[in-house]
2 protein chains.
Amino acid sequence: MDIRIRLGRNVRALREARGWSQEDYADRAGIHRTYVSDIERGRRNPTVTVVEKLAAPLGVTAGALLN
Amino acid sequence: MDIRIRLGRNVRALREARGWSQEDYADRAGIHRTYVSDIERGRRNPTVTVVEKLAAPLGVTAGALLN
DNA sequence: TTGTGACTCTAAGTCCGTT
DNA sequence: GAACGGACTTAGAGTCACA
């Protein structure tokens, strides 16, 4: 399965588990709201530094988001 | 520590453990030799699809390269 | 065998909005 | 709240000659 789809599913599941909206989460991660939306739907191919930003507020490692 | 540095160290360690040159490895991963060189030294900020390409010939998950 | 600067071209990443 | 679109600037993808 495409790694972008896996990343998106992982991010969405963890975000929703915390009860955050995309905008809440985007602010915490320091990433734009629309970009988070695209990533969750597997439409973007983010860099490793963005994966790290995505992981931080979720309290997981960057690697965990890719598996 | 910078995630790009961690990625580079992980890639280099696993590649050398297999006794491959950068060029051998680059061919197996379907990536240019000089690009591998840059990644191992933390000079690039690759996307998740590149991380997946890097992981495949090493027999590890993409996530494992980031931790 | 690996490192480096320079290069072109494409996509990352942001920001505006509407549905 | 989230999906989606367009337009925009910056940075990554990918390659090369050479050290």
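Each chain gets a letter, A, B and so on, in the order its sequence line appears, and its residues count up from 1.
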* Asked: What distance do R33(B) atom CZ and Q22(B) atom CD have between them, rounded to the nearest 0.5 Å?
  -> 7.0 Å

* Quick one, give me the B/S/- string for nucleotides 12-19 of chain C, reading 5' to 3', where B means a protein heavy atom under 4.0 Å from the base and S means that only happens at the primed atoms, P, OP1 or OP2. => BBBBBB--

Which atom pairs, donor and acceptor, lie under 3.5 Å between side-chain atoms of residues 52-67 of chain A and protein residues at least two apart or in another chain?
unit_1 : atom_1 : unit_2 : atom_2 : d
T61(A) : OG1    : A64(A) : N      : 3.2
T61(A) : OG1    : N67(B) : ND2    : 3.4
N67(A) : ND2    : T61(B) : OG1    : 3.4

* **From CG (L7(A)) to CG (N45(A)), nearest 0.5 Å** => 9.5 Å

* **Donor-acceptor under 3.5 Å (R15(B) side chain, W20(B) main chain)** => yes

* Structure fact -> Outer limits of DNA chain D sitting under 4.0 Å from a non-hydrogen atom of chain B, read 5' to 3', are dG12(D) to dA17(D)

* To do: Taking the side chain as every heavy atom from C-beta outward, state whether R4(B) and R43(B) have any atom pair closer than 4.5 Å.
  => no

* To do: Please tell me if the side chains of E16(A) and E40(A) come closer than 4.5 Å, counting only heavy atoms from C-beta onward.
  => no

* Between R6(A) and I3(A), is any pair of side-chain heavy atoms under 4.5 Å apart? -> yes

